[in-house]
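Note on naming: letters A, B, ... go to the chains in the order of the sequence lines (proteins, then strands), and numbering restarts at 1 for each one.
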Amino acid sequence: MEALQIYWWALIALLGALLVFLLFVQGGQTMLWSSRNEMARNLMVNTLGRKWELTFTTLVVFGGAFFASFPLYYSTCFGGAYWLWMLILLSFVLQAFSYEFRRKQGNILGEKVYDAFLFFNGAIGCIMLGVAVGMLFFGADFTVAKGNLTVGSNPVISVWNGSHGLEAMTSWRNLLLGVTVLMLARTLAALYFMNSIDDGEAFQARMRRSVMINGAIFVVLFLGFAAVLLTATGFGVTNDGSIVAVPYKFADNFLELWWLGALLALGVVMVLWGIVKTAIKPGYKQGIWWAGAGTVFTVFALLCSAGYNNTAYLASLTDPASSLTIQNSSSSEFTLTVMTWVSGFVPVVVVYIAYVWYKMNAKPVTPRELESDHAY
Amino acid sequence: MNDLMSVVDWSRAQFALTAMVHWLFVPLTIGLSLIVAVMETKWYRTRDEKWLKITKLWMKMFGINFACGVATGIILEFEFGTNWSNYSWFVGDIFGAPLAIEGIFAFFLESTFIAVMFFGWKKVSRGFHLAATWLTALGVVLSALWILVANAWMQYPAGMEFDPAQMRNVMADFGEVAMSPVAVNKFFHTVLSGWVLGAVYVIGVSCYLLMKKRNREVAVSSIKVAGWVGMAGILLTMWTGDGSAVEVSRVQPMKLAAMEGLYRGECGQGLVGVGILNPDKKPGDDRDAMLWGFEIPKGLSILAKHNPDAFVPGIDDLIDGIELTADGDTIHTVSYAERIEAGKRAQTALADYEAARKAGDDAAMALAAERIKADYQYFGYGYLESPYEAVPPVGLTFYAFRIMVMAGGYLLLFMALALFMVYRKQAWLDKKLVLLGGLATIAIVWICSEAGWVVAEVGRQPWVIQDLMPSRAAISSIESGSVQFTFWLFVVVFTLLLAAEVSIMVHEIKKESKRNILD
């Protein structure tokens with residue numbers, strides 16, 4: 001059973017890591033308004049528009065997989081941090097139809113409003129997803145009492161003691177992670193544009209500048225977050241099963257699980273290399289792959305550290321005994337086994353996505369292509 | 001308690017709103033994806049440019065609609081957690097799996113290959129593009145499969161057992177969950193109805209093109225493809241509808257009774273063809289159920305049991321419990337008062353189990369577990385205060401069922417007429433009244449489709465999981481004011497979304513009608 005729980009936490013971490021990489025779509029959406037050149041803006045939108053559904057789908061699958069493998073998290077955090085999840089939801093709903101509608105005749109609201117929706121999704125989506133992940137490290141105020149199920153007048157088992165997510169949105173540590181995610185997404189977006197759009201040297205130069213500025217801010221914020229995380233008090237499960245506060249819990253996790261620490265370091269180096277090489281080498285367009293892979297490694301390691309090594313991945317600051325661990329919040333052994341067989345199909349999914357990505361990105365997007373049948 | 005009911009009502013309203021708006025887009029996606037794939041296949045096989053242009057025309061409409069389905073679909077997934085958190089724990093072990101499988105098998109397929117569909121014309125080969133179109137259509141159907149498996153499980157919880165230590169249901173047999181007869185029937189009935197809706201949409205818009213007299217060949221060719229898809233769809237929808245009625249009578253007899261406004265059943269029960277319910281009628285009183293009605297003799301017994309003399313119970317029969325012999329079979333159902341007692345016993349036993357677990361008393365735990373098991377099938381009734389709470393809204397279920405059935409019958413005639421006209425009487429396609437009828441049918445098919453879901457979902461109230469959990473026990477710990485706020489927020493967003501989609505489609509259709517599409 002424990003192996004299944006560890007496997008599924010790894011899959012959740014991997015999906016989360018891929019999602020953060022794919023947030024370059026959201027990061028790109030926040031850069032549209034800074035482009036005064038309409039053609040450049042439309043090129044950026046159409047480049048992102050071919051990938052938005054992949055990001056969206058990864059978010060949906062991330063949610064579905066979390067529900068299937070750790071339903072107590074879904075029950076506790078989604079119902080508890082109501083406003084946070086509703087805000088995330090709203091931002092992605094607005095995104096979903098904005099690409100398709102923005103330049104269509106009769107779209108009622110006008111192109112600028114749809115572009116504003118894309119900006120809203122880009123900024124709020126990234127920050128709030130960061131806030132939601134922040135709770136995995138810094139905890140929240142809630143209690144879980146499964147016995148309530150037999151209390152007919154009030155049978156709800158998970159009770160959130162804060163302001164239903166508003167408190168998470170105003171926590172500086174969660175916000176620090178949220179803004180860090182946003183700046184990473186913007187950096188990745190600029191790198192992706194350089195790789196995917198063919199619109200002359202001026203465009204490339206502008207994107208390179210964007211990589212340098214956003215990348216520098218991201219690095220500063222990430223260092224700040226890393227310092228906060230590595231000095232933070234986490235919650236761990238003791239030998240007798242009780243859950244207690246443990247100073248420097250996440251630093252301990254990276255030291256005790258050395259491969260996680262190594263993966264984190266490798267990921268950070270790769271992200272930095274993608275940014276630095278793009279900044280110093282004119283004409284270099286492959287930075288997205290270094291930074292993208294580095295993002296996946298880094299986020300995977302961070303998310304693993306939230307749940308492994310007897311760590312409570314959603315600590316209750318009200319009642320530590322209510323904290324969620326991968327052991328006490330998972331699905332049954334039977335369900336995890338069934339889902340593990342299903343997950344055997346994931347490599348097939350990865351292969352066909354990679355193949356289609358390769359075929360569709362073989363040639364950069366050009367202004368001429370926007371005259372085709374289907375353009376955003 | 002008042003606040004609890006208010007939270008329940010607002011949460012239900014929000015979920016119903018989201019589901020109904022989502023269902024405006026999904027069946028069109030299901031139907032159009034198939035029709036577009038058939039059209040592109042014709043182009044691939046004949047290399048006739050006409051079919052390429054027709055394919056691109058309907059693909060454009062597909063694209064406008066698809067994004068709206070995606071936008072509203074994610075809300076449903078999130079709302080299971082945000083608004084139905086108790087539900088998410090109580091059955092998440094079973095219910096979460098189909099959602100995750102839907103994501104892995106279906107959503108990635110759709111989202112990956114739809115990009116090739118729209119942007120790959122000059123980037124991939126003809127064969128690759130055709131494969132992408134079919135794979136997108138397959139992804140749409142697979143998505144429907146797993147979400148309908150999940151929905152069917154809520155109506156007929158199978159393949160699970162209750163784990164008192166975790167206070168939740170756990171999966172015991174994945175095959176029973178995925179392949180239950182209710183799930184199989186629901187899947188085919190729903191997906192095939194999507195074919196019908198997509199077909200009516202294509203025929204209706206083609207009628208508009210015919211009215212504008214510029215793209216006759218496009219319209220006639222489109223009606224031919226859509227007509228066959230629609231005819232196959234409506235015939236098979238009716239067949240699976242018959243299967244659904246049998247399943248409902250078996251696993252949700254109260255829903256069937258509400259669909260018929262039937263309070264006291266009998267052997268050889270008639271089926272109300274058309275009727276007006278008595279609005280003052282309440283379960284347990286002596287008033288007539290119908291103010292007026294036209295009944296088909298033995299119709300309900302045939303529909304529900306495939307036996308003209310079979311007994312079909314009514315609402316009062318089910319509440320009181322039945323013990324009688326018909327056709328040599330003893331029909332026995334437990335009264336709802338007894339079920340409530342049994343449910344409360346199961347809940348008390350669960351509380352005892354939890355107390356024993358905390359005290360480390362293994363013997364007491366084993367005894368309590370036996371008591372839970374004995375009464376668990378009625379666990380959800382323990383939350384009810386009166387047997388009458390287990391009766392769904394009869395009026396809404398009754399009328400929605402009739403709207404669905406009558407509209408379905410009309411759609412069969414419509415498909416037959418459409419095929420007859422394009423193959424035998426094309427001159428009729430010049431008559432404005434015929435074309436207006438085709439256009440108006442677009443509204444009818446949507447009403448029919450939504451009515452079907454009203455029957456399925458309103459008819460199963462108060463259960464979020466049949467017999468095991470009423471909606472009032474499935475909620476999150478949140479204030480009703482918060483849910484009210486998000487409800488109205490979604491009303492605004494959905495209104496904008498819908499208005500924009502309809503407006504864009506109308507603009508696109510008008511634009512297409514003003515040019516020669518085949519040029």
### Task
Could you tell me which portion of Leu384(B) (side chain, backbone, both or neither) has an atom closer than 4.5 angstrom to a non-hydrogen atom of chain A?
neither
### Query
Heavy-atom distance under 4.5 Å to chain A: side chain of Val116(B), backbone, both or neither?
both
### Task
Under 4.5 Å heavy-atom distance to chain B, tell me which part of Ser330(A) shows up: side chain, backbone, both or neither.
backbone
### Query
Side chains of Phe101(A) and Ser503(B): closer than 4.5 Å at any heavy-atom pair?
no
## Note on the structure
Given Ser69(A), Ser75(A), Gly63(A), the one with more heavy-atom pairs under 4.5 angstrom with chain B than any other is Ser75(A)
### Task
Measure Val506(B) against the heavy atoms of chain A and call it side chain, backbone, both or neither at under 4.5 Å.
neither
### Message
Counting only non-hydrogen atoms closer than 4.5 Å, does Lys344(B) touch chain A with its backbone (N, CA, C, O), its side chain (CB onward), both, or neither?
### Response
neither
### Query
Roughly how far apart are Asn83(B) CG and Phe78(A) CZ, rounded to 0.5 Å?
12.0 Å
## Note on the structure
So, the part of Met360(A) with a heavy atom under 4.5 Å from chain B: the answer is both
### Message
Quick one, Phe67(A) and Ser88(B) - any side-chain contact, counting heavy atoms below 4.5 Å?
### Response
yes
### Query
Taking C-beta and beyond as the side chain, do Val170(B) and Thr335(A) meet within less than 4.5 Å on heavy atoms?
no
### Task
Report the option among Thr72(B), Ile94(B), Leu109(B) that has the most heavy-atom pairs separated by less than 4.5 Å from atoms of chain A.
Leu109(B)
## Note on the structure
Whatever's closer than 4.5 Å to a heavy atom in chain A on Ala132(B) counts as neither
### Top of Phe70(A), Tyr82(A), Phe97(A), Trp85(A) for chain B proximity - count of heavy-atom pairs under 4.5 angstrom
Tyr82(A)
### Summary
Okay, Ile114(B) and chain A: the region with an atom under 4.5 Å from a heavy atom over there is side chain
### Message
I need the residue from Leu489(B), Ile104(B), Leu496(B) with the largest number of non-hydrogen atom pairs under 4.5 Å to chain A.
### Response
Ile104(B)
### Query
Between Phe128(B) and Tyr355(A), does the ring centre distance come in under 6.0 Å?
yes
### Task
Select one option (side chain, backbone, both, neither) describing which atoms of Met469(B) are under 4.5 Å from chain A's heavy atoms.
side chain
### Query
Do His507(B) and Lys104(A) have side-chain heavy atoms sitting under 4.5 Å apart?
no
### Message
Just checking Phe108(B) against Tyr352(A), ring centres under 6.0 Å apart?
### Response
no
### Message
Is Val338(A) in contact with chain B via its backbone, its side chain, both, or neither, using a 4.5 Å heavy-atom distance?
### Response
side chain
### Message
Is there a side-chain contact between Lys146(A) and Gln166(B) in this structure, where contact means two heavy atoms from C-beta onward sitting under 4.5 Å apart?
### Response
yes
### Query
Relative to chain B, which of Val356(A), Leu149(A), Ile353(A) shows the most heavy atom pairs under 4.5 Å?
Leu149(A)
### Query
Between Glu501(B) and chain A, which part of the residue has a heavy atom less than 4.5 Å away: side chain, backbone, both or neither?
both
### Task
Name the member of Pro98(B), Ala351(B), Gly73(B) that forms the most heavy-atom pairs with chain A at distances under 4.5 Å.
Ala351(B)
### Pairs of heavy atoms under 4.5 Å with chain B: top-ranked of Val151(A), Ile108(A), Val348(A)
Ile108(A)
### Query
With side chains defined as the heavy atoms from C-beta onward, is the minimum distance between Thr76(A) and Trp89(B) less than 4.5 Å?
no
### Task
Tell me, with the steps shown, if Trp83(A) and Ser482(B) meet side-chain contact (heavy atoms from CB on, under 4.5 Å).
CA-CA 9 Å; Trp83(A) 294 115; Ser482(B) 303; 3.5 Å; yes
### Task
Would you give the length of the straight line joining atom CZ of Phe90(B) to atom CD1 of Ile157(A), rounded to the nearest 0.5 angstrom?
10.0 Å
### Task
Name the region of Asp163(B), side chain, backbone, both or neither, that has any atom closer than 4.5 Å to a heavy atom of chain A.
neither
### Task
Quick one: which of Gly103(B), Gly92(B), Ala100(B), Ala473(B) has the most heavy-atom pairs under 4.5 Å with chain A, could you say?
Ala100(B)
### Query
Quick check: does any side chain N or O of Ser111(B) sit under 3.5 Å from a backbone N or O of Leu54(A), one acting as donor and the other as acceptor?
no
### Query
Is Glu53(A) reaching over with its side chain to a backbone N or O of Ala115(B), donor-acceptor style, under 3.5 angstrom?
no
### Summary
Value for CE (Met171(B)) from CG (Leu336(A)), rounded to nearest 0.5 Å, stands at 9.5 Å
#### Entry: Sidechain-backbone polar pair: Asn107(A) side chain, Ile504(B) backbone, donor-acceptor under 3.5 Å
no
### Query
Out of curiosity, Leu72(A) CG to Asp93(B) CG, how far, rounded to the nearest 0.5 Å?
12.0 Å
### Query
Considering only heavy atoms, which portion of Leu90(A) lies under 4.5 Å from any heavy atom of chain B: side chain, backbone, both, or neither?
side chain
#### Entry: Trp52(A) portion near chain B, given a 4.5 angstrom heavy-atom threshold
side chain
### Task
Give, as side chain, backbone, both or neither, the part of Tyr383(B) having an atom under 4.5 angstrom from any heavy atom of chain A.
side chain
### Task
For residues Phe80(B) and Tyr74(A), establish whether the separation of their ring centroids is below 6.0 Å.
no
### Task
For the residue pair Met339(A) and Ile101(B), establish whether any side-chain heavy-atom pair is separated by less than 4.5 Å.
yes
### Query
If you count heavy-atom pairs under 4.5 Å with chain B, which of Leu59(A), Val60(A), Val61(A) comes out on top?
Val60(A)
### Message
Quick check for you: among Phe345(A), Phe62(A), Tyr99(A), which has the greatest number of heavy-atom pairs under 4.5 Å with chain B?
### Response
Phe345(A)
#### Entry: Top contributor to chain A interface from Ala499(B), Ser477(B), Ala474(B) [non-hydrogen pairs under 4.5 Å]
Ser477(B)
### Summary
Residues Tyr114(A) and Ala500(B): closest non-hydrogen pair is OH-CB, 3.5 Å
### Query
Thr348(B), Asp173(B), Val493(B): which one forms the most heavy-atom pairs within less than 4.5 Å of chain A?
Asp173(B)
### Task
Counting only heavy atoms closer than 4.5 Å, note whether Phe113(B) contacts chain A via side chain, backbone, both or neither.
side chain
### Task
Let me know if Phe117(A) has heavy atoms under 4.5 Å from chain B in its side chain, its backbone, both or neither.
neither
### Query
In Å and rounded to the nearest 0.5 Å, what is the CD1 to CE distance from Ile478(B) to Met86(A)?
7.5 Å
### Query
Given that the side chain runs from C-beta out, which part of Val349(A) has a heavy atom under 4.5 Å from chain B: side chain, backbone, both or neither?
side chain
### Message
To the nearest 0.5 Å, what is the distance between CG on Leu89(A) and CD1 on Ile75(B)?
### Response
5.0 Å
